[in-house]
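Reading through the structure tokens given below for one structure.
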Number of protein chains: 2
Amino acid sequence: MTVEFRRRHIALRAKLAESTADSLVVTHLPNVFYLTGFTGSAGVVTLKGHRCTLFTDGRYATQAPEETKSAGVKIAIAKGSLLQAAGHDFGGKSRSRVVFDPAHTTVAALRSLESAAGNKVSWQAESGWIEELRSVKSADEISRLRAAAKLISQVFESVLPIIRPGLRERELAAEIEYKMKKLGAEGPAFDTIVASGKRSALPHARPTERRLKRNELVVLDLGAILARYCSDLTRTVYLGRAPKRIKNWYRAVLEAQEAGREALGEGVECGAADSAARAVLALYGFADCFTHSLGHGLGLEIHEDPRLAAGQKRLLHAGNIVTVEPGVYMEGLGGIRVEDDVLIKKSGVEVLTTATREFLEL
Amino acid sequence: MTVEFRRRHIALRAKLAESTADSLVVTHLPNVFYLTGFTGSAGVVTLKGHRCTLFTDGRYATQAPEETKSAGVKIAIAKGSLLQAAGHDFGGKSRSRVVFDPAHTTVAALRSLESAAGNKVSWQAESGWIEELRSVKSADEISRLRAAAKLISQVFESVLPIIRPGLRERELAAEIEYKMKKLGAEGPAFDTIVASGKRSALPHARPTERRLKRNELVVLDLGAILARYCSDLTRTVYLGRAPKRIKNWYRAVLEAQEAGREALGEGVECGAADSAARAVLALYGFADCFTHSLGHGLGLEIHEDPRLAAGQKRLLHAGNIVTVEPGVYMEGLGGIRVEDDVLIKKSGVEVLTTATREFLEL
């Protein structure tokens with residue numbers, strides 16, 4: 001059993017020891033992977049005393065032992081429902097109290113667990129235990145996230161030559177996702193955003209059949225999954241020579257992003273970075289045009305803890321990796337967003353994404 | 001309000017009228033789309049008396065009214081949690097009983113609803129009401145599914161020329177997904193499977209860095225989402241001249257697939273098609289090598305009702321669309337699977353996927 005998995009199991013056993021519960025059930029697949037290394041689409045993990053068990057089905061009879069070799073877990077191949085098998089695992093003659101995460105457990109799943117475990121077992125809802133562990137990345141995780149961030153930066157740079165008037169948003173998104181895979185990514189970490197012209201004012205635009213046009217902004221928001229870890233990058237480019245007004249606008253966003261990055265650090269409140277970026281935009285008169293929060297953690301999932309949002313008192317830790325992505329959106333006109341992935345270190349930060357932040361006029 | 005949406009709302013009100021409940025809350029996004037036309041990533045629907053309300057957030061203030069124009073729903077932009085806003089909608093002075101789907105509602109979500117609605121409201125778990133409606137496709141849905149099936153067939157045919165020894169599984173998967181998007185698809189309906197050589201014996205293989213080799217089988221399982229509806233196609237090809245043994249094996253799968261398709265029809269038990277395909281494979285001595293069920297419904301999601309599996313007593317209806325996908329897998333050797341999407345009609349069936357089922361030696 002490798003140090004990494006052992007550390008994770010020990011941390012959870014420590015949480016259990018501090019609580020009034022004695023066992024834990026895990027149903028959320030990224031958390032199942034985090035505790036066992038198993039990548040299949042059907043898995044439930046139980047932690048009970050010194051035993052960690054992965055329940056999966058017959059399709060994974062070969063794959064599950066291979067993938068979980070170094071995690072020190074027992075594999076149980078369930079014939080029927082995994083939840084029922086896991087529930088049975090908790091059942092027995094002695095009383096037991098099992099933690100589950102209410103945000104990842106459906107009402108139907110909890111009922112399955114309850115009915116299989118029987119009435120000696122009580123169930124305790126606790127949110128985000130594993131997410132909290134996951135928010136602090138290990139050295140191995142950091143190197144994977146660095147590689148994913150580098151890859152997505154290469155993808156961005158590789159599509160620059162084809163961004164020209166006439167190309168459809170959807171075609172550009174297809175090229176971007178194709179490049180990711182050619183460079184070895186498992187796939188996109190989310191639906192790639194290509195939003196041009198007025199549509200760039202929509203922070204969550206989906207690519208359409210619209211063709212890119214001269215003298216317009218194009219927001220590109222792209223992320224790749226590499227070795228299971230996510231990256232997330234946004235750049236905004238201009239097709240043609242941008243008027244002064246647009247350049248000024250871009251400068252405001254860029255300065256806000258710098259201010260956000262500079263406010264990050266070990267022991268700093270998450271909300272502070274959001275405020276720092278927002279304060280810069282306010283100086284430019286764009287306070288009302290930044291309609292979302294500054295950033296989010298990323299790792300096995302594209303949105304994780306910690307969240308960089310107004311009023312967040314949580315403190316940043318070395319090993320957190322977050323996006324910093326201020327944007328300015330003006331309905332009917334367009335939008336500009338600049339986003340990088342940033343690692344918090346014991347001292348200072350490291351920007352993992354490597355694409356230029358210079359304003360590109362293509 | 002268009003006939004289609006009205007019909008869906010009426011059908012649900014009829015279910016409520018038959019039950020002891022008076023209202024309904026819907027949290028599963030494909031179901032939210034089905035009832036309102038809304039495609040955003042944050043939406044909760046309530047059905048209460050003659051009012052249908054979509055709760056969403058400020059990001060969708062423009063998009064939600066546009067998309068739901070013809071659905072006759074009220075839009076409510078929530079400041080905070082959508083579930084709390086929806087819960088409040090049920091609260092009030094009079095007693096009420098609200099149906100929720102336990103398979104789509106987390107324990108945390110139910111608690112949010114409960115706390116916002118207050119103690120005059122009771123909650124009734126009912127599974128699959130909307131899924132049952134969704135399993136019978138309307139004329140509009142059928143034409144979308146037909147278009148998605150045609151598109152994926154074209155994608156398959158378009159990549160045939162590049163399938164040759166030396167190409168990596170992952171590269172071929174990337175080409176396939178790229179072609180989908182070039183042809184107008186929103187994206188893949190699931191992670192494309194390209195499994196070559198021994199890996200073709202794994203029904204759920206993910207594409208790897210492995211290079212295709214001469215004298216090996218390649219299983220391609222691909223699906224696209226077009227206008228929000230899914231398609232699903234599997235073909236197995238051979239690189240080189242196949243030995244007689246492999247041809248015989250392919251013939252067995254193909255005959256099993258034909259038998260499965262021929263067993264389908266209005267009023268037929270779902271399990272009958274599975275048995276028919278399995279009986280053919282048994283005649284060839286492959287009974288134990290077909291390790292999954294015959295097929296599944298598809299529509300807004302890639303796996304829907306009805307399921308074509310052993311013992312399923314549910315009757316097929318005109319308007320059901322299902323995959324028919326028998327496979328024969330031999331560990332250490334390889335696998336063959338052939339899959340089409342089939343519409344059940346009042347009389348007979350229509351195969352929606354158009355790719356040739358001939359055994360291709362490339």
Side-chain angles (χ1 to χ4, degrees), chain A residues 27-28 39-42 57-63 100-113 123 125 127-128 168 170-188 190-192 201-209 225 291-292 303 329 331-332, chain B residues 27-28 39-42 57-63 100-113 123 125 127-128 168 170-188 190-192 201-209 225 291-292 303 329 331-332:
Chain A
T27 53
H28 188 49
T39 66
S41 64
D57 65 42
R59 292 175 298 168
Y60 298 108
T62 312
Q63 181 182 328
F100 71 98
D101 190 326
H104 296 310
T105 310
T106 64
V107 172
L110 181 59
R111 287 181 184 178
S112 277
L113 287 166
W123 299 85
S127 280
R168 294 180 192 276
R170 180 113 75 197
E171 289 170 335
L172 179 49
E175 291 291 340
I176 287 170
E177 297 186 2
Y178 179 67
K179 283 277 162 52
M180 288 179 199
K181 295 209 166 188
K182 291 290 267 189
L183 289 173
E186 279 109 88
F190 51 87
D191 290 344
T192 302
L202 305 170
H204 291 81
R206 271 189 294 259
T208 66
E209 294 305 324
I225 304 173
T291 50
H292 53 76
H303 293 115
Y329 311 98
E331 210 185 312
Chain B
T27 53
H28 188 48
T39 66
S41 63
D57 65 43
R59 292 174 298 167
Y60 297 109
T62 312
Q63 182 182 328
F100 70 98
D101 191 326
H104 296 311
T105 309
T106 64
V107 173
L110 181 59
R111 287 181 185 179
S112 277
L113 286 166
W123 299 86
S127 281
R168 294 181 191 276
R170 180 113 74 197
E171 289 171 335
L172 179 50
E175 292 290 338
I176 287 170
E177 296 186 2
Y178 179 66
K179 283 276 162 53
M180 287 179 199
K181 296 211 166 185
K182 291 291 268 189
L183 289 173
E186 280 108 87
F190 51 86
D191 289 344
T192 302
L202 305 171
H204 292 81
R206 271 189 294 259
T208 66
E209 294 305 325
I225 303 173
T291 51
H292 53 76
H303 293 116
Y329 311 98
E331 211 186 311

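Residue numbering restarts at 1 for every chain, and letters A, B, ... go by the order of the sequence lines. Excluded from the calculations below are hydrogen atoms, water molecules and symmetry mates; all remaining heavy atoms, backbone and side chain alike, are included.
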Got a second to check how far Ile176(B)'s CD1 is from Tyr178(A)'s OH, nearest 0.5 Å?
-> 11.5 Å

Check side-chain contact (heavy atoms from CB on, under 4.5 Å) between Ser127(B) and all other residues, then give those that pass, not counting sequence neighbours.
-> Asp101(B), Pro102(B)

Indicate the atoms forming the closest heavy-atom contact of Leu110(A) with Val107(B), along with that distance.
-> CD2-CG2, 3.8 Å

Answer key: most heavy-atom pairs under 4.5 Å with chain B among Ala174(A), Ser41(A), Gly40(A) is Ala174(A)

Is there a side-chain contact between Glu177(B) and Lys181(A) (heavy atoms, below 4.5 Å)?
-> yes

Part of Arg111(B) lying under 4.5 Å from any heavy atom of chain A | side chain

Residues that Glu186(B) engages under side-chain contact (heavy atoms from CB on, under 4.5 Å), provided they are two or more places apart = Arg170(A), Ile225(B), Arg228(B)

With chain A, the option among Lys182(B), Arg59(B), His292(B) that has the most non-hydrogen atom pairs under 4.5 Å is Arg59(B)

Is chain B contacted by the side chain of Glu175(A), its backbone, both, or neither, given a heavy-atom distance below 4.5 Å?
-> both

So which of His204(B), Glu209(B), His104(B) has the largest heavy-atom pair count under 4.5 angstrom toward chain A?
-> His204(B)

